[in-house]
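Throughout, a chain's letter reflects where its sequence line sits, starting with A, and its residues are numbered from 1. All values derive from a computational prediction rather than experimental measurement.
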There are 2 protein chains.
Amino acid sequence: MPKKSARKPLKPKAPVVRPERARHGRNRTGHLIDVLRERIAKQEAAPGAKLGEVELSLEFGVPRTQVREAFSALEQRGLIERIPNRGAIVARLDPAHVFHIYDTREVLEGACVRLATLNVPKESWQDLLDLFTGPMQRYVEKNDFDAFLTGYAQFRQRSIEAAGNPVLAQMLDSIYEKTQVLIYRIIILPGRAQQGLREHIAVLEAMRRGDADAAEALRRENMRSAKACLRNFQKYVL
Amino acid sequence: MPKKSARKPLKPKAPVVRPERARHGRNRTGHLIDVLRERIAKQEAAPGAKLGEVELSLEFGVPRTQVREAFSALEQRGLIERIPNRGAIVARLDPAHVFHIYDTREVLEGACVRLATLNVPKESWQDLLDLFTGPMQRYVEKNDFDAFLTGYAQFRQRSIEAAGNPVLAQMLDSIYEKTQVLIYRIIILPGRAQQGLREHIAVLEAMRRGDADAAEALRRENMRSAKACLRNFQKYVL
DNA sequence: GAAAACAAGATTGGTTACAGAATTGTTGCC
DNA sequence: GGCAACAATTCTGTAACCAATCTTGTTTTC
């Protein structure tokens, strides 16, 4: 308890409490990491493409050391490969790795819908169910893949959000950023969009019923189906 | 009094040992990352402890830029937190996060034993089953936790190896390096070692029978049991 | 005597410069 | 004409340096 009485400020006192403590949340390096992640995921940087340090430092106007730190982080995530004294290249994914990814994704996506079903009232899935049984059907019929993928992203985002598990979310992100490239190739395979839609509707119906176990089982079945499709057309997409 | 004294000796030549080392395998930074990971997992660096850049660069004889790159990678993994202008500290894990980790670990460990059971001949699990029904029982009775954990690590390593899925292995590692700290606290909880041993024997028996589904279900039940134990004694271990 | 104000030290963040290695282009030889 | 050795350029890896900020210790004032 300060026994101070009637203290005179005596000075403007530079009220710089904490103006911009940490800039805008993340460090500048964090932003660079996000941009490169997105660029790799969107295939703007093809697998095997060389990532020059000076090139990126000039493009983003950041020092080369920051590019280097970003490379270190991306290497840990498995998105790039660094060869000593030869630079960094975008990681190429071999088919075996893709199948391993799908085996892992199966259980993670299953857990995601299970937790989501348990955590939120079952009525909250009605709008997504309406979306998938209505507009999404037409998107598939008209081969409007962009709209279809947008709806799919909604389902994905809502599920992760409802699951409320940041650890699970991070792992699904880690997988998603590696397979996003493939989605554009899988979706155009004959009959895949239709089957995927049917399976998603089944999952959503289970979630709408509040049946978490069924939702998990159906989601896992959906992942196995996607993997099987991928295997059937392996020579065309991988 | 600013004693603007003589400048730093500036290290005349001091040619560092010829780094012909950086050719095979990983970069020197990769090694530093591994060492720090292990140090954090083994609790040699307590949560909240400060990690000095110059301190580590001197200890390992690596340039400070490499320490920073390692920090960037470890931050991506969630093992440390970097506060602008204040350095890096070992990440502290809050209870909610631990439970999220266990929920995620449940499905991953389940998938691991399922794949392991499917991939290798069931007879290959006999030695582990003998270990768990024989010596491990005595370790528990004698409270020889070191020997117990060694056997547990064997089970873990063999399962991951047999599963043959590097993606899954990486995610389990990511989880393991965060929870290893807790294992030493859980294992000493009353009755936990006994129950964990019983559950592991049940899992191994299922694997010995070649029953992958049962092994997965039992392993998941084991994880839920561990989580429940953690919740019961939350105030003591977290 | 206590709290605020001030100053000095220490640490991190970011920039520049230099050495080593690899790729590439050139030239000479077979 | 092709191949090999060599030189030049480019790029990575490392080091040193400067600036900004936080921490700590001291002083001043009420």
**Report entry** Pair A/His200 and A/Tyr152, ring centroids less than 6.0 Å apart
**Finding:** yes
Query - Residue whose closest nucleotide on DNA chain D lies nearer the 5' end, A/Thr65 versus A/Gly87 - result: A/Gly87
Between [N] atom [atom2] and [X] atom [atom1], what is the distance in whole Å?
{"X": "B/Glu55", "N": "C/dA10", "atom1": "CD", "atom2": "C1'", "answer": "13 Å"}
{"X": "B/Asn85", "N": "C/dT12", "atom1": "CG", "atom2": "C1'", "answer": "6 Å"}
{"X": "B/Glu69", "N": "C/dG14", "atom1": "CD", "atom2": "P", "answer": "14 Å"}
{"X": "B/Ile89", "N": "C/dT11", "atom1": "CD1", "atom2": "P", "answer": "17 Å"}
{"X": "B/Glu81", "N": "C/dT12", "atom1": "CD", "atom2": "C1'", "answer": "17 Å"}
{"X": "A/Ile83", "N": "D/dG13", "atom1": "CD1", "atom2": "P", "answer": "11 Å"}
{"X": "A/Arg82", "N": "C/dA22", "atom1": "CZ", "atom2": "P", "answer": "16 Å"}
{"X": "B/Leu58", "N": "C/dA10", "atom1": "CG", "atom2": "C1'", "answer": "14 Å"}

Query raised in the report: Between A/Asp34 and A/Arg39, does at least one N-O distance fall below 4.0 Å, as a salt bridge requires?
Result: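 No, this pair does not count.
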**Report entry** Nearest to side-chain heavy atoms of A/Glu53, which nucleotide of C/dG14, D/dT12, D/dT14
**Finding:**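 Comparing C/dG14, D/dT12, D/dT14 against the side chain of A/Glu53, the answer is D/dT12.
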Is the phosphate of [N], meaning OP1 or OP2, less than 4.0 Å from a side-chain N or O of [X]?
{"X": "B/Gln66", "N": "D/dT14", "answer": "yes"}
{"X": "A/Lys50", "N": "D/dT10", "answer": "no"}
{"X": "A/Arg68", "N": "D/dT12", "answer": "no"}

Query raised in the report: Between B/Arg156 and B/Tyr176, is a side chain to side chain contact (heavy atoms under 4.5 Å, CB included) present by the stated rule, with each step listed?
Result: CA-CA 10 Å; B/Arg156 168 188 165 75; B/Tyr176 197 61; 3.4 Å; yes
Query raised in the report: Where each residue is assigned the nucleotide of DNA chain C containing its nearest heavy atom, which of B/Val54 and A/Arg64 is assigned the position nearer the 5′ end?
Result: B/Val54
Query raised in the report: Within 45° of the six-membered ring axis of A/Tyr102 and under 6.0 Å from that ring's centre, is NZ or CZ of A/Arg105 located there?
Result: yes
Query raised in the report: When only distance counts, do a donor and an acceptor, one from the side chain of A/Arg86 and one from the base of D/dG13, lie under 3.5 Å apart?
Result: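 Donor-acceptor pair under 3.5 Å: no.
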**Report entry** Check: B/Asp146 main-chain N/O paired with B/Thr150 side-chain donor or acceptor under 3.5 Å
**Finding:**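 Checking the backbone N and O of B/Asp146 against the side chain of B/Thr150, a donor-acceptor pair under 3.5 Å is found.
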